[in-house]
Novice: 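Before anything else, here's the structure in question.
Excluded from the calculations below are hydrogen atoms, water molecules and symmetry mates; all remaining heavy atoms, backbone and side chain alike, are included.
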Amino acid sequence: MTISVEQARDLVLARCGVLETEDVPLLESLGRVLAADARSDIDVAPFDNSAMDGYAVRATDLAGASQDSPATLAVISHIAAGDYSEIEVGPGQAARIMTGAPVPPGADAVVMVEYTEAGEVSGSTGGTVHVMREVREGENIRRRAEEVSAGDVVLEAGEVIGPAAVGLLASTGHATATVYRRPRVAVISTGDELVEVAEKPGPGKIRNSNSYSIAAQVIAAGAIPLRYPILRDDPDATREAFTRAAAEADFIVTSGGVSVGDFDYVKPVLEELGEMEFCKVAMRPGNPQTLGSISGVPFFGLPGNPTSTFVGFEIFVRPSLRYMQGHTKLDRPRQAATLAHDVKKKQDRRYFLRARLDRRDDGALSVALSGSQSSALLTAAHRGNCLLVLPEGEGFFSEGSTVEVIRLDMEEGIA
Ligand code: AMP
Ligand code: MG
């Protein structure tokens, strides 16, 4: 039975569950999903502080102050960032203050140093200052608890932790963060023709590139690859590898061995050890996509051709791995773009062509195929930055027509 891309994706996701949580050092939380509300242990900012280098003043003292008629105030203290002064600023007085320093009692505004001129000097903090401008009450003061109050939630469970969130967690006392665990993904390449990357392939052999490209995609999806040794086209070896993978991984990905070749053992062994749900999806590249599970561990059998592997992972495995890590945005941004050249489509399957999206001089997004579309070749996937999606059915898409692309250069979310 052949099913649609959407049906297949729903079936994969239905087999996946969100993983348990773990506490990680703050910096390791980057890019991950917060699993519990994070509260602040203090007010942030912890105190009213100056947004500028200048003078802490009482706004009423500067009423009517101007270039021509400056107000002169007595400077009673000098407060640097990190200092704390309890000396009250009284009427007619000011305190020299630096950015980030606590606003002293009595002061209700800060006037920027640019609008002042030092008057007579006496001692290190004394003397006078001439102020050439009025200030509003509260001007240039950053209020205590403006970001968050002690005890309040600063980041909610489910939020993705970006660099700014790391900063917020740091300022609110979180040396660690509670996030969803990264899935451990068994990466198993099958094929008697495969040799290790360090080897020069002998007659009839090729290098096992899929193991690396899949592992790289696993890492890019935030998960941890467990690269297995090359799996020979042999039922016993296949049984052994799958059993081990089901015991130590949260997700199993294979490449190859799912066609109708004489030595394709992935499907029969999957059916024997676990369950197989489907193996054909109406898409190109990569019509034999195999879904199942072994002992409850989701299993996804990708086709062997390098580009089919690449696209199948992107469409089915990546969303699954993100889902397991607590992400709720599972779709890469989709956009409309103008086709830069004609494209002919012969098969009644959805095409995911390797393409490159560029911004034209007139501002429009233009998309062109990024190289040969043979599923055995990877260069077009490398040169491209998107998948050009052409709907089921035969068709001719002429230059200038509007088509849909999936942005591979952007994280899941809106475009
Ligand atoms: P299969 O699905 O096993 O029939 O493989 C389909 C095609 O993909 C064949 O041409 C294989 O040689 C190729 N292939 C399979 N596995 C790999 C791999 N790990 N790295 C690179 N090419 C592969
Ligand atoms: Mg094979």
Side-chain angles (χ1 to χ4, degrees), residues 17-54 56 77-89 95-110 112 136-184 219-224 321-330 333 410-414:
V18 178
L19 294 178
E20 56 286 19
T21 67
E22 62 180 356
D23 289 343
V24 298
L26 179 53
L27 207 44
E28 283 173 35
S29 72
L30 181 66
R32 299 174 71 172
V33 179
L34 193 66
D37 289 352
R39 293 176 184 276
S40 181
D41 64 339
I42 55 165
D43 290 344
V44 178
F47 44 83
D48 288 356
N49 66 95
S50 179
M52 295 288 171
D53 294 329
S77 61
H78 193 142
I79 313 164
D83 285 352
Y84 185 74
S85 171
E86 284 181 355
I87 303 170
E88 180 156 350
V89 174
R96 179 84 172 100
I97 194 166
M98 302 302 143
T99 304
V103 175
D108 59 15
V110 169
M112 288 165 70
R136 255 183 309 106
E137 196 183 313
E139 196 169 332
N140 296 324
I141 293 181
R142 301 188 290 215
R143 290 296 173 195
R144 173 177 182 156
E146 215 165 47
E147 191 99 75
V148 62
S149 297
D152 282 358
V153 172
V154 62
L155 287 183
E156 283 176 34
E159 291 195 76
V160 180
I161 302 174
V166 169
L168 284 170
L169 289 169
S171 66
T172 53
H174 297 274
T176 60
T178 306
V179 295
Y180 293 100
R181 190 163 70 70
R182 297 184 188 279
R184 291 155 57 87
I219 294 170
I224 302 164
L321 298 181
R322 284 178 58 88
Y323 178 76
M324 293 171 90
Q325 294 170 83
H327 285 280
T328 49
K329 297 213 164 83
L330 304 179
M410 285 179 157
E411 289 237 320
E412 285 76 355
I414 50 159

Novice: For Y180 and L19, work out which heavy atoms get closest and say how close.
Specialist: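 In this case the closest contact between Y180 and L19 is CD2-O, 3.2 Å.
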
Novice: Can you sort out the partners of L27 under side-chain contact (heavy atoms from CB on, under 4.5 Å), two or more places apart, ordered by chain and number?
Specialist: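 With neighbours one apart ignored, the set is V166.
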
Novice: Could you give all pairs that pass the side-chain hydrogen bond (donor to acceptor under 3.5 Å, both in side chains) test and reach residues 42-53, with sequence neighbours left out?
Specialist: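 Residue pairs passing side-chain hydrogen bond (donor to acceptor under 3.5 Å, both in side chains), neighbours aside: D43-R144, D48-R143, N49-R142, D53-T99.
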
Novice: Test of understanding: with side-chain contact (heavy atoms from CB on, under 4.5 Å), list the residues that count as partners of A101, not counting sequence neighbours.
Specialist: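 Once residues adjacent in sequence are excluded, the partners of A101 under the side-chain contact (heavy atoms from CB on, under 4.5 Å) criterion are I79, I97.
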
Novice: Among all residues two or more places apart in sequence or in another chain, which pass the salt bridge (charged side-chain N to carboxylate O under 4.0 Å, His left out) test with E22?
Specialist: R32

Novice: Check side-chain hydrogen bond (donor to acceptor under 3.5 Å, both in side chains) between H174 and all other residues, then give those that pass, not counting sequence neighbours.
Specialist: none

Novice: Partners of E137 by salt bridge (charged side-chain N to carboxylate O under 4.0 Å, His left out), sequence neighbours excluded?
Specialist: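 Expected list: none.
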
Novice: Before you tell me yes or no, could you show the steps for M324 and R182 under side-chain contact (heavy atoms from CB on, under 4.5 Å), namely the whole-Å CA-CA distance, both residues' side-chain angles and the distance that decides it to 0.1 Å?
Specialist: CA-CA 8 Å; M324 293 171 90; R182 297 184 188 279; over 6 Å; no

Novice: Could you work out, with side-chain hydrogen bond (donor to acceptor under 3.5 Å, both in side chains) as the rule, every residue matching S29, not counting sequence neighbours?
Specialist: none

Novice: Testing L30, I161, V33 for side chain to side chain contact (heavy atoms under 4.5 Å, CB included) with V179, which one passes?
Specialist: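 Testing each of L30, I161, V33 against V179, the sole residue satisfying side chain to side chain contact (heavy atoms under 4.5 Å, CB included) is I161.
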
Novice: If the condition is side-chain hydrogen bond (donor to acceptor under 3.5 Å, both in side chains), which residues does Q325 pass it with, not counting sequence neighbours?
Specialist: none

Novice: So, taking the atom named CG in L168 and the one named CD in E147, what distance separates them when rounded to the nearest 0.5 Å?
Specialist: 5.0 Å

Novice: To check you understand the geometry: which heavy-atom pair defines the closest contact between S40 and V44, and what is its length?
Specialist: OG-CG2, 4.1 Å

Novice: Taking side-chain contact (heavy atoms from CB on, under 4.5 Å) as the definition, give me every residue that meets it alongside I219, ordered by chain and number, with sequence neighbours left out.
Specialist: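 I219: side-chain contact (heavy atoms from CB on, under 4.5 Å) contacts with P225.
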
Novice: Output all residues satisfying side-chain contact (heavy atoms from CB on, under 4.5 Å) with E156, sequence neighbours left out; order by chain, then residue number.
Specialist: D37, V153, E159

Novice: To the closest 0.5 Å, what do you measure between CG (L26) and OG1 (T176)?
Specialist: 8.0 Å

Novice: So which atom in L321 and which in P183 form the shortest heavy-atom distance, rounded to 0.1 Å?
Specialist: O-CG, 3.9 Å

Novice: Identify the two heavy atoms, one from P333 and one from E412, that lie closest to each other, and give their separation to 0.1 Å.
Specialist: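 Looking at all heavy atoms of both residues, the shortest contact is CD-CA, 4.2 Å.
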
Novice: Does R96 reach the main-chain N or O of S77 with its side chain, forming a donor-acceptor pair under 3.5 Å?
Specialist: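 No; judged by distance alone, with no hydrogens or angles, the pair does not exist.
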
Novice: Mark yes or no for whether R322, through its side chain, and L330, through its backbone, hold a donor-acceptor pair below 3.5 Å.
Specialist: no

